[in-house]
Amino acid sequence: MKLSKRGEYALRALIDFGIAYELGRPLLKIGELVEKERLPVKFLEQILTQLRGAGYIETKRGKAGGYFLAKPPKQISLGQVIRLIDGPLAPISCVSVTAYERCTCPDEAHCGLRMLMLDVRNAIARILDRYVLGDVVDITLRKMRRDGVTIPFMVEKLLGPGIPHTAPAGFLDDFPLGGFLAELEEAKSDQGGGTRSPARPKTRGKAAGKK
């Protein structure tokens, strides 16, 4: 799987919509997205049209109009958005669930490459289908508050910088500094979940959900 520019821009736009939603200002004009993300307006318009067609966003017409999420961020699956924009998550078609195609390998059941790519597909889907847009928005806002970064969409005065936190010893060996899973684990720790390192995913077994 390789995230295309269209997929990247779609997710960046959805994260912005999610941030605005959580801050009580859900309606955004396309000019605000263009200014913040520095995206080409025509390309962004096409992407927003595709997201609207799939039921992820809606529009409000008029001078005070704009775009807004059609459902709460906690109900938007990252994996499904990526599938919409870029197709199956599988790196090769013979391990895809939603778009399977037989490859040229003469013995698919004993193909080492297929077995490896199956684990890659499962690992990707395990993350993207487990977390939702709301998770990314929560972690993004948390990190911005902690680092004292200006919160976008004219709500800076409502939010102040948070208190810096330090990850537990050995934690960054598994998750790089600033990574989503590292931030998520830190948030859980602050909420009383302890400082245990997350369990490593199994290398075998059936993957849950669509891939």
Side-chain angles (χ1 to χ4, degrees), residues 1-22 26 28 30 33-34 36-59 67-101 103 113-114 116-143 152 175-176 178-185 187 198 201-203 205-211:
M1 182 201 109
K2 183 179 186 300
L3 194 65
S4 68
K5 283 295 182 184
R6 180 180 286 269
E8 175 193 339
Y9 294 170
L11 289 173
R12 284 164 59 185
L14 284 174
I15 291 170
D16 285 336
F17 283 122
I19 289 174
Y21 178 96
E22 292 298 328
L28 295 178
I30 192 169
L33 292 173
V34 169
K36 179 181 180 294
E37 298 294 344
R38 300 178 184 177
L39 301 179
V41 62
K42 293 297 183 182
F43 194 25
L44 182 58
E45 286 176 341
Q46 295 174 11
I47 293 169
L48 295 180
T49 297
Q50 186 175 6
L51 291 174
R52 183 171 181 267
Y56 289 110
I57 62 174
E58 286 291 349
T59 59
Y67 294 86
F68 59 95
L69 290 179
K71 58 182 73 174
K74 295 293 185 183
Q75 295 179 17
I76 297 179
S77 163
L78 298 175
Q80 291 305 316
V81 172
I82 293 175
R83 288 185 182 94
L84 168 71
I85 304 295
D86 286 336
L89 303 179
I92 55 177
S93 59
C94 64
V95 298
S96 174
V97 170
T98 59
Y100 169 83
E101 288 183 10
C103 65
L113 175 62
R114 183 173 185 269
L116 175 63
M117 291 299 105
L118 182 62
D119 283 346
V120 171
R121 188 279 315 268
N122 289 346
I124 292 173
R126 188 176 295 117
I127 292 175
L128 294 179
D129 287 335
R130 177 179 180 182
Y131 299 109
V132 294
L133 177 64
D135 294 323
V136 179
V137 169
D138 288 346
I139 295 304
T140 300
L141 284 171
R142 169 190 171 85
K143 194 169 191 298
F175 297 99
F180 171 75
L181 295 181
E183 293 288 341
L184 186 66
E185 233 8 75
K202 297 180 180 179
T203 56
K206 295 182 179 180
K210 297 171 65 178
K211 309 294 183 286

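Residues E183 and I139 approach most closely at CB-CG2, 3.1 Å, considering heavy atoms. Across every non-hydrogen atom of G79 and D129, the tightest pair is CA-OD1, 3.5 Å. For the residue pair V136 and F180, the shortest heavy atom distance occurs at CA-CE1, 3.7 Å. Residue M117 comes nearest to P91 through the heavy atom pair SD-CG, 3.6 Å, listed as atom of the first residue, atom of the second, then distance. For the pair V97 and R121, the tightest heavy-atom approach, listed with the atom from each and the gap, is CG2-NH1, 3.3 Å. Across all non-hydrogen atoms, the minimal contact from A99 to P88 is CB-CG, 3.4 Å.
Contact of the L51 side chain with the L84 side chain is registered, since non-hydrogen atoms from C-beta on lie closer than 4.5 Å. Between D16 and Y67, every side-chain heavy-atom pair lies at or beyond the 4.5 Å cut-off. At a threshold of 4.5 Å between non-hydrogen side-chain atoms, the residues L69 and L133 count as touching. Contact of the R12 side chain with the K36 side chain is not registered, since no non-hydrogen atoms from C-beta on lie closer than 4.5 Å. The closest side-chain heavy-atom distance from I19 to P152 is below 4.5 Å. In this structure the side chain of E22 reaches within 4.5 angstrom of the side chain of P73, judged on heavy atoms. Using a 4.5 Å heavy-atom threshold, the side chains of L14 and V137 count as separate. Using a 4.5 Å heavy-atom threshold, the side chains of L128 and R83 count as separate.
Under the ring pair (Phe, Tyr, Trp, His ring centres under 6.0 Å) criterion, F68 pairs with no residue, sequence neighbours left out. Listed by chain and number, the residues in a ring pair (Phe, Tyr, Trp, His ring centres under 6.0 Å) with Y21 amount to none (sequence neighbours excluded). With sequence neighbours left out, the ring pair (Phe, Tyr, Trp, His ring centres under 6.0 Å) criterion links Y9 to F43.
Heavy atoms from other residues, nucleotides or ligands lying under 6.0 Å from NZ of K5 number 12 at most.
From I57, atom CD1 reaches atom CG of L48 across 4.5 Å, with rounding to the nearest 0.5 Å. Taken to the nearest 0.5 Å, the CG atom of D86 stands 8.5 Å off from the CG atom of L11. L44 contributes atom CG, which lies 10.5 Å from atom CZ of R6 (distance to the nearest 0.5 angstrom). In this structure, CD1 on I82 lies 5.5 Å from CG on L3, to the nearest 0.5 angstrom. Taken to the nearest 0.5 Å, the CG atom of L113 stands 4.5 Å off from the CD1 atom of I92. For the atom pair CG (L39) and CD (E45), the distance works out to 12.0 Å, reported to the nearest 0.5 Å.
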Candidate pair Y100 and C94, rule side-chain contact (heavy atoms from CB on, under 4.5 Å), full reasoning: CA-CA 5 Å; Y100 169 83; C94 64; 4.2 Å; yes

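Checked by atom type and distance alone, the side chain of D138 never pairs as donor or acceptor with a backbone atom of D135 at under 3.5 Å.
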